[in-house]
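Starting from 1, each residue takes its place in the sequence as its number. All of these numbers come straight from a predicted model, not from anything done at the bench. One-based numbering, in listed order, for ligands and for the atoms of each.
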Amino acid sequence: MRASRRAIVIGGSLGGLMAAHLLRSTGWDAVVFERNDDELASRGVGLGTHPQLIAVLRRAGIAFDETMGIKVPKVICLDRNGKTLVAQPTTRTMSGWSRLYRALREALPAHDYRLGKALRHVEQDPDGVTAIFADGTREHADLLVGSDGIRSTVREQFLPQAQPVYAGYVAWRAVLDEAQVPRDIWAEIFDIYTFCLPDGEQLLGYPVPGRDNDTQVGRRGYNIVWYRPTDRVALAAMCTDAAGRHHAAGIPPPLIRSDVIARVKADAKALLAPQIAEIFIRTEPFFQPIFDLESPQLVFGRVALTGDAAFVARPHAGAGTTKAAIDAANLADCLRDAGGDIDTGLASYERAQLPFGRAMVAMSRQAGAYLSAQLKPREERTAGEIDRDIDEILHAHGARSDEVGAIVAARGLDAHF
Ligand SMILES: Cc1cc2nc3c(=O)[nH]c(=O)nc-3n(C[C@H](O)[C@H](O)[C@H](O)COP(=O)(O)OP(=O)(O)OC[C@H]3O[C@@H](n4cnc5c(N)ncnc54)[C@H](O)[C@@H]3O)c2cc1C
């Protein structure tokens, strides 16, 4: 009998781990190669979930129980004085990057997750595909999956023209330990999904698993994402470290200059509801520029792209990880359904995931259109780009899972859950 087919997965974050698990669940021998030398567990940021993500985790053998996320029952919007403008019921479950990472990582045999392996390039021949790494080693397989994120080395080799497009704003991100949240603020808003909408900007805050991924009361974290329009000149200045070095692909958080941090904290006090400002100024915030990315092709011989390497949807739907999960599930199922014919399986994968990825990007671009428009002169903006309907924003937040579900169903992808 033929030994199981081998897949190399490039990128050991959530997208790569889910691709490896789903391929393994359909009989593949899948091994993950991650360029970082150390475990990636320190990315302590919150992640919204959707039912499709939870279903794919279940397929990977991971039960999404109360240790995996925190349910928020209500969403509110606070004004500049801290008064509640609008409140609505909601049903979102908030998890954390490192909680999902730990669950996926622990469920994979240690020898099938290789750290310190940076892909340099890919070669193909009639027998399959070979990955060549920066350390000079080579790995051969029947399939290579590029799950190596927005700056994908795999995509850069096959689709150098597909580049991320800056959306015109950054997301400031911050997490504070629950115990550090002032008591009165904790009692008022900790368990609630909270929006602040300063003119031209958008902030959301919600509880997440804390350090050590703990979801117990008292040991959780409070996560903030603050979208701020930032033109390219300002962005370039913010991405320049104290030594004057410019980090074009994104500045690592420890290198963000202290004056940049001091300015955003001063802005927090001036612009945000005091409850949120008091939390934000106690954190060590960092920022990520927001991009759109669409790949016109996802399969190149025996190479396939998934997750952020394939399409980057702005984070407003909180669905980037869900999208990567759906890519992983459909890739595994297309290959399974094609029997031994890998090329046919990959063609089916591309046929479904191209329109799916485009729809996810379009939905999230629409959700961020108000923020992108803030860099235009006021007289060139539409009425909706000047004034927002707060009820509508909170309602859209509550409807995100339905919207993701509709995109999935329209492409027949719900068959994978
Ligand atoms: C502000 C913000 C908020 C977000 N909020 C949410 C949310 O609430 N919910 C949600 O679902 N998603 C959210 N996302 C999106 C989410 O983080 C990603 O879409 C998702 O995790 C998929 O990531 P990925 O694994 O495809 O890529 P990444 O997480 O970028 O991982 C790529 C991996 O590949 C590795 N790599 C890169 N190059 C190489 C190479 N040459 N060789 C080997 N390894 C390599 C990298 O080191 C990295 O570990 C948010 C994103 C942002 C920016």
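Within ligand 1, counting atoms from 1 as listed, the ones closer than 4.0 Å to a heavy atom of A319 are 9 (N), 10 (C), 11 (O). If you number the atoms of ligand 1 from 1 as listed, the ones under 4.0 Å from a heavy atom of T153 come out as 40 (C), 41 (N). Close approach of ligand 1 to L14 is summarised as follows: ligand atoms under 4.0 Å from at least one heavy atom of the residue are 25 (O).
Any N or O atom pair closer than 3.5 Å counts here, and Y206 shares no such pair with ligand 1. Taking distance alone, with nitrogen or oxygen atoms compared against 3.5 Å, L119 approaches ligand 1 more closely than that limit. Considering both main-chain and side-chain atoms, G320 comes within under 3.5 Å of ligand 1 through a nitrogen or oxygen pair. Looking at ligand 1, you'll find an N or O of G48 within less than 3.5 Å of one of its N or O atoms. In terms of N/O distances under 3.5 Å, ligand 1 is approached by S13. Checking only distances, I290 never comes within under 3.5 Å of ligand 1, N or O to N or O. Inclusion of T321 in the set of residues having an N or O under 3.5 Å from an N or O of ligand 1 is warranted. Considering both main-chain and side-chain atoms, G15 comes within under 3.5 Å of ligand 1 through a nitrogen or oxygen pair. Checking only distances, D308 does come within under 3.5 Å of ligand 1, N or O to N or O.
When non-hydrogen atoms are compared, ligand 1 lies under 4.0 Å from the side chain of N36 (C-beta onward) but not from its backbone. With a 4.0 Å heavy-atom cut-off, ligand 1 is reached by no atom of A313. Contacts between I10 and ligand 1, counted as non-hydrogen atom pairs separated by less than 4.0 Å, involve the side chain only. With a 4.0 Å heavy-atom cut-off, ligand 1 is reached by the backbone of S147 but not by any atom from C-beta on.
Nearest-residue assignment for atom 13 (C) of ligand 1 (options L17, T49, L47; heavy-atom criterion): L47. Distances from atom 45 (C) of ligand 1 to the heavy atoms of R151, H316, R35 show the closest one on R35. The residue from G149, P315, A118 that puts a heavy atom closest to atom 4 (C) of ligand 1 is P315.
A salt bridge does not link D177 to R220: none of the charged nitrogens lies less than 4.0 Å from a carboxylate oxygen. Ion pairing of R114 with E139 is present here, as a side-chain N (NZ or NE/NH1/NH2) and a carboxylate O approach within less than 4.0 Å. Under the 4.0 Å criterion applied to side-chain N and carboxylate O atoms, E284 and R173 are not assigned as salt-bridge partners. Ion pair D142/R6 not flagged as a salt bridge, since none of the NZ, NE, NH1 or NH2 atoms sits closer than 4.0 Å to an Asp/Glu carboxylate oxygen.
Under the 6.0 Å cut-off for aromatic ring centres, Y169 and H316 qualify, their centroids lying closer than that.
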Fill in: Stepwise side chain to side chain donor-acceptor pair (under 3.5 Å) test for Q124 and R302
CA-CA 8 Å; Q124 303 205 56; R302 291 295 182 84; over 6 Å; no
Worksheet item: Should I407 and M363 be marked as a side chain to side chain contact (heavy atoms under 4.5 Å, CB included) after you check the CA-CA gap, both sets of side-chain angles, and the distance that decides it?
Response: CA-CA 9 Å; I407 291 174; M363 182 248 283; 3.8 Å; yes
Worksheet item: Passes side chain to side chain contact (heavy atoms under 4.5 Å, CB included), L23 versus V145? Steps please.
Response: CA-CA 10 Å; L23 285 168; V145 181; 4.0 Å; yes
Worksheet entry | Test side chain to side chain contact (heavy atoms under 4.5 Å, CB included) applied to R59 and H21, step by step | CA-CA 8 Å; R59 279 191 63 181; H21 276 292; over 6 Å; no
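Residue contacts with ligand 1 include K117, since one or more of its heavy atoms lies under 4.0 Å from the ligand.
Judged by a 6.0 Å distance limit and a 45° cone about the ring axis, R92 is not positioned over the six-membered ring of Y206. Relative to the ring axis of W226, R228 places its NZ or CZ within 45° and under 6.0 Å from the centre. For the pair R151 and F291, the cation-pi criterion (under 6.0 Å, within 45° of the ring axis) is fulfilled.
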